[in-house]
Amino acid sequence: MATKSTSRRPARFRCAECGWSTAKWVGRCGECQAWGSVAESGATGAPRTVPAAVTRPAVRIADVDLTSAAARPTGVAEFDRVLGGGLVPGAVVLVAGEPGIGKSTLLLDVAARAARQGAAALYVSGEESAAQVRSRAGRIDALADTLYLAAETDLATVLGHVEASAPQLLVVDSVQTIASADVEGQAGNVSQVREVAASLIRAAKDRGIAVLLVGHVTKDGSIAGPRVLEHLVDVVVQFEGDRHSRLRLVRAVKNRYGPTDEVGCFDLSEAGIVGLADPSGLFLSDRAHAVAGTCVTVTLEGRRPLVAEVQALVAPSTLPSPRRTSSGLDAARLAMVIAVLDKRAGAPVGAQDIFAATVGGVRVTEPAADLALICALASSVLDRPLPVDAIAIGEVGLAGEVRRATGIGRRLTEAARLGFRHAVVPTGSRADTPVPEGIDVIEVGSVAEAIETMRRLGVQRTVPALARDTA
């Protein structure tokens, strides 16, 4: 007599990052190459989901109340600029950045300002003790009567604090240090981060709490944890800056409530972190005396124009292979600009040591700074300074041509506001925007023409090889 056997579908393993599946467990995903993200997805068939009773009927989109989604300013103008006006009740913001860059300091200041405005704020620290956070709060003047502090690493306890204090603002520092007892593994692994984030997001939506989550970053600067974390939250904010510089840039990588092309500028010091409404002065050296090898440009960080100074030093080399060193500039673009200057303008820089840097720790990577770098290099070769009231804007091509840059109008307006009187720009730029009052705009079409223009404006002498026509 034949017996009926029940068949069991073999287990499948699925990547938590990208969904790639395999018949056996592997340590590294074969699709996205993430380590430790492959886990068993279950051996039984997928359960069927049956329709449930509707408790909140759907409404017409025109009848939805917008008052609950109105942004509320945090009191930190530069942070509000990045967020799109402030924090929205129920929104979850992920703030990521390298260790020691100022994330905790900024969010503690935001929590204190919210408490001073009458809102209850809860700061949960999973990395520091309550005494350490209290010490920092006293140093940066972030004490308030309705600012509550808890040092916890258990998710259930954190949710209990939320229920007990009923805050309007919750800060969790950081999401990788909180763990749930219902999920296997240590705090910070893929499953724990996903569960912690989902629970906090659910609490934020149910209670209308604005939540600020601090996130760690990996060695390459990406946010640690599963990629789904960035998809779950409403806003992703990235901290940038050199650890040896006081300047910090905050930009929104994702924002459901505002633009993602705004940048906030902050000054980090022992007294705390302060927003910089006009940071251009940090990126300029003393302009009272002209120095050879320097040129000013206007770069765009998001929609904000920032005046930055590019410096270059060309010196005889004693090595078989000359050195090319850059700080704050893209090394690949520096090498390209040197080759163009050597080939198209005849500058004797091929066998020279070349050092290039920006002032103030700002990082300039956009192609519009190429022309300023060319002019700084030429000025160093000639050992003659460029005019202190002139700027250069434009992308340089391999043929020696100067290409047009975006946002010329905003760049020229910022330069005119800061007192610059001459601007060397690519040909055709004047047709894109009206010229601001008080600045003379000079259009150039080639590298050699730009160098000759700068020579006429202020360089005391010229080298014919540097000023000859590219043809």
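Quick note: numbers below take in every heavy atom, side chains included, and nothing from hydrogens, waters or symmetry partners. We number each residue from 1, following the sequence as shown.
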List the steps, then state whether side-chain contact (heavy atoms from CB on, under 4.5 Å) holds for Gln311 with Val359. CA-CA 8 Å; Gln311 296 183 338; Val359 174; 3.6 Å; yes
Mind running side-chain hydrogen bond (donor to acceptor under 3.5 Å, both in side chains) on Asp173 and Ser125 for me, showing each step along the way? CA-CA 5 Å; Asp173 185 10; Ser125 176; 5.1 Å; no
Quick check on Glu98: does its CD atom have over 12 non-hydrogen neighbours (other residues, nucleotides or ligands) under 6.0 Å away?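 It does not: Glu98 CD has 12 such atoms or fewer within range.
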Would you say CG of Asp145 has more than 12 non-hydrogen atoms from neighbouring residues, nucleotides or ligands within 6.0 angstrom?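 Incorrect, the count does not exceed 12.
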How close do [X] and [Y] get, heavy atom to heavy atom, and via which atoms?
{"X": "Val211", "Y": "Ala204", "value": "CG2-CB, 3.5 Å"}
{"X": "Ala308", "Y": "Val364", "value": "CB-CG2, 4.1 Å"}
{"X": "Gly97", "Y": "Lys103", "value": "O-NZ, 3.2 Å"}
{"X": "Cys375", "Y": "Cys295", "value": "CB-SG, 3.8 Å"}
{"X": "Pro426", "Y": "Ala405", "value": "CG-N, 4.4 Å"}
{"X": "Leu143", "Y": "Ala137", "value": "CD2-CB, 3.7 Å"}

Flag the pair [X] / [Y] as yes when at least one side-chain heavy-atom distance between them is below 4.5 Å, and no otherwise.
{"X": "Arg248", "Y": "Ile101", "result": "yes"}
{"X": "Thr358", "Y": "Arg363", "result": "no"}
{"X": "Val307", "Y": "Glu414", "result": "yes"}
{"X": "Arg411", "Y": "Leu300", "result": "yes"}
{"X": "Asp234", "Y": "Asn255", "result": "no"}
{"X": "Leu306", "Y": "Pro279", "result": "yes"}
{"X": "Phe266", "Y": "Leu268", "result": "no"}
{"X": "Val92", "Y": "Leu232", "result": "no"}

Check for a donor-acceptor pair, side chain of [X] on one end and backbone N or O of [Y] on the other, with a separation under 3.5 Å.
{"X": "Ser380", "Y": "Gly293", "answer": "no"}
{"X": "Arg139", "Y": "Glu270", "answer": "yes"}
{"X": "Gln168", "Y": "Ala120", "answer": "yes"}
{"X": "Thr297", "Y": "Ala392", "answer": "yes"}
{"X": "Glu78", "Y": "Cys265", "answer": "yes"}
{"X": "Arg194", "Y": "Val228", "answer": "no"}
{"X": "Trp20", "Y": "Gly30", "answer": "no"}
{"X": "Thr146", "Y": "Ala119", "answer": "yes"}
{"X": "Ser165", "Y": "His161", "answer": "yes"}
{"X": "Gln192", "Y": "Ser180", "answer": "yes"}

Applying salt bridge (charged side-chain N to carboxylate O under 4.0 Å, His left out), run through Asp109 and Arg113 and close with a yes or a no. CA-CA 6 Å; Asp109 184 32; Arg113 290 175 183 267; 3.2 Å; yes
Decide yes or no on side-chain contact (heavy atoms from CB on, under 4.5 Å) for Leu107 and Val95, but give the supporting numbers first. CA-CA 9 Å; Leu107 298 189; Val95 182; 4.2 Å; yes
Ignoring hydrogens and angles, state whether a donor on the side chain of [X] or [Y] is under 3.5 Å from an acceptor on the partner side chain.
{"X": "Ser174", "Y": "Glu127", "result": "yes"}
{"X": "Thr365", "Y": "Asp330", "result": "no"}
{"X": "Thr299", "Y": "Glu366", "result": "yes"}
{"X": "Ser191", "Y": "Glu195", "result": "no"}

Check Arg136 with Glu128, please: is the shortest side-chain N to carboxylate O separation under 4.0 Å? yes
Kindly determine whether Arg304 and Asp278 satisfy salt bridge (charged side-chain N to carboxylate O under 4.0 Å, His left out), including the steps that lead there. CA-CA 10 Å; Arg304 165 180 279 187; Asp278 187 12; over 6 Å; no
Could you give me the CA-CA distance, side-chain angles and deciding distance for Val298 and Ile391, then say whether side-chain contact (heavy atoms from CB on, under 4.5 Å) is met? CA-CA 8 Å; Val298 183; Ile391 63 169; 3.9 Å; yes
Rounded to the nearest 0.5 Å, how far does [atom2] of [Y] lie from [atom1] of [X]?
{"X": "Ile354", "Y": "Leu334", "atom1": "CD1", "atom2": "CG", "value": "7.0 Å"}
{"X": "Ile439", "Y": "Arg417", "atom1": "CD1", "atom2": "CZ", "value": "12.5 Å"}
{"X": "Leu94", "Y": "Lys254", "atom1": "CG", "atom2": "NZ", "value": "9.5 Å"}
{"X": "Asp389", "Y": "Leu418", "atom1": "CG", "atom2": "CG", "value": "12.5 Å"}
{"X": "Glu31", "Y": "Cys15", "atom1": "CD", "atom2": "SG", "value": "9.0 Å"}
{"X": "Glu262", "Y": "Asp80", "atom1": "CD", "atom2": "CG", "value": "11.5 Å"}

If you apply the rule side-chain contact (heavy atoms from CB on, under 4.5 Å), what do you find for Ser429 with Val441, and how did you get there? CA-CA 9 Å; Ser429 299; Val441 176; 5.8 Å; no
